[in-house]
Amino acid sequence: MSEFLSGWEPFTRWDIWSFFLDALWVAIRIAAISMVLSLVIGVAMAVARLASPRLVRWPAASYVEAFRATPLLLLIFFVFFGSARTPLE
């Protein structure tokens with residue numbers, strides 16, 4: 001039994017849990033910011049696509065169709081590898 005528990009020993013230390021909790025907080029913040037931004041952009045594009053002037057409707061339709069036609073994995077790669085080049089802290 002002690003052999004099984006010896007692999008879990010690092011999880012009894014507070015510095016490990018502190019690291020995990022900090023990472024969890026960052027993930028929650030990123031998810032919340034992403035949800036708010038996607039809602040704002042989505043509503044703006046939906047309203048722009050319903051607008052009568054072509055100068056407003058066509059760029060919004062192009063934006064929507066470009067993201068609709070791009071595979072999700074490609075977008076994830078773009079964000080993952082592209083975000084490494086931004087000076088975020």
Completion exercise
The remaining residues in the hydrophobic cluster of I76, counting side-chain heavy-atom contacts under 4.5 Å among Ile, Leu, Val, Met, Phe, Trp and Tyr, are L72
Exercise for the section: Check side chain to side chain donor-acceptor pair (under 3.5 Å) between D22 and all other residues, then give those that pass, not counting sequence neighbours. Expected result: none
Practice task
Would you list the pairs meeting salt bridge (Lys or Arg N to Asp or Glu O under 4.0 Å) in which at least one residue belongs to residues 54-75, sequence neighbours left out?
Solution key: R49-E65, E65-R68
Practice task
Would you list the pairs meeting ring-ring contact (aromatic ring centres under 6.0 Å, His included) in which at least one residue belongs to residues 16-59, sequence neighbours left out?
Solution key: F11-F20
Problem - Apart from L75 itself, residues in the same hydrophobic cluster as defined by side-chain heavy atoms under 4.5 Å - result: I41, M45, Y63, V64, F67
Problem - Which residues share a side-chain contact (heavy atoms from CB on, under 4.5 Å) with L74, sequence neighbours left out - result: T70, P71
Handout entry: For the student: nearest non-hydrogen atoms of A51 and V56, plus distance
Key = CB-CG1, 3.9 Å
Completion exercise
Residue pairs meeting salt bridge (Lys or Arg N to Asp or Glu O under 4.0 Å), one or both in residues 33-45, sequence neighbours left out, come to none
Exercise for the section: Identify, with sequence neighbours excluded, every residue that meets side-chain contact (heavy atoms from CB on, under 4.5 Å) alongside V79. Expected result: none
Handout entry: Partners meeting ring-ring contact (aromatic ring centres under 6.0 Å, His included) with F78 (sequence neighbours left out)
Key = none
Problem - Linked hydrophobic residues, V43 as query - side chain contacts closer than 4.5 Å - result: L39, V47
Fill in the blank from the handout: Joining Ile, Leu, Val, Met, Phe, Trp and Tyr whenever any side-chain heavy atoms lie under 4.5 Å apart, the cluster holding I30 also takes in V26
Problem - side-chain contact (heavy atoms from CB on, under 4.5 Å) involving A46 - partner list, sequence neighbours excluded - result: none
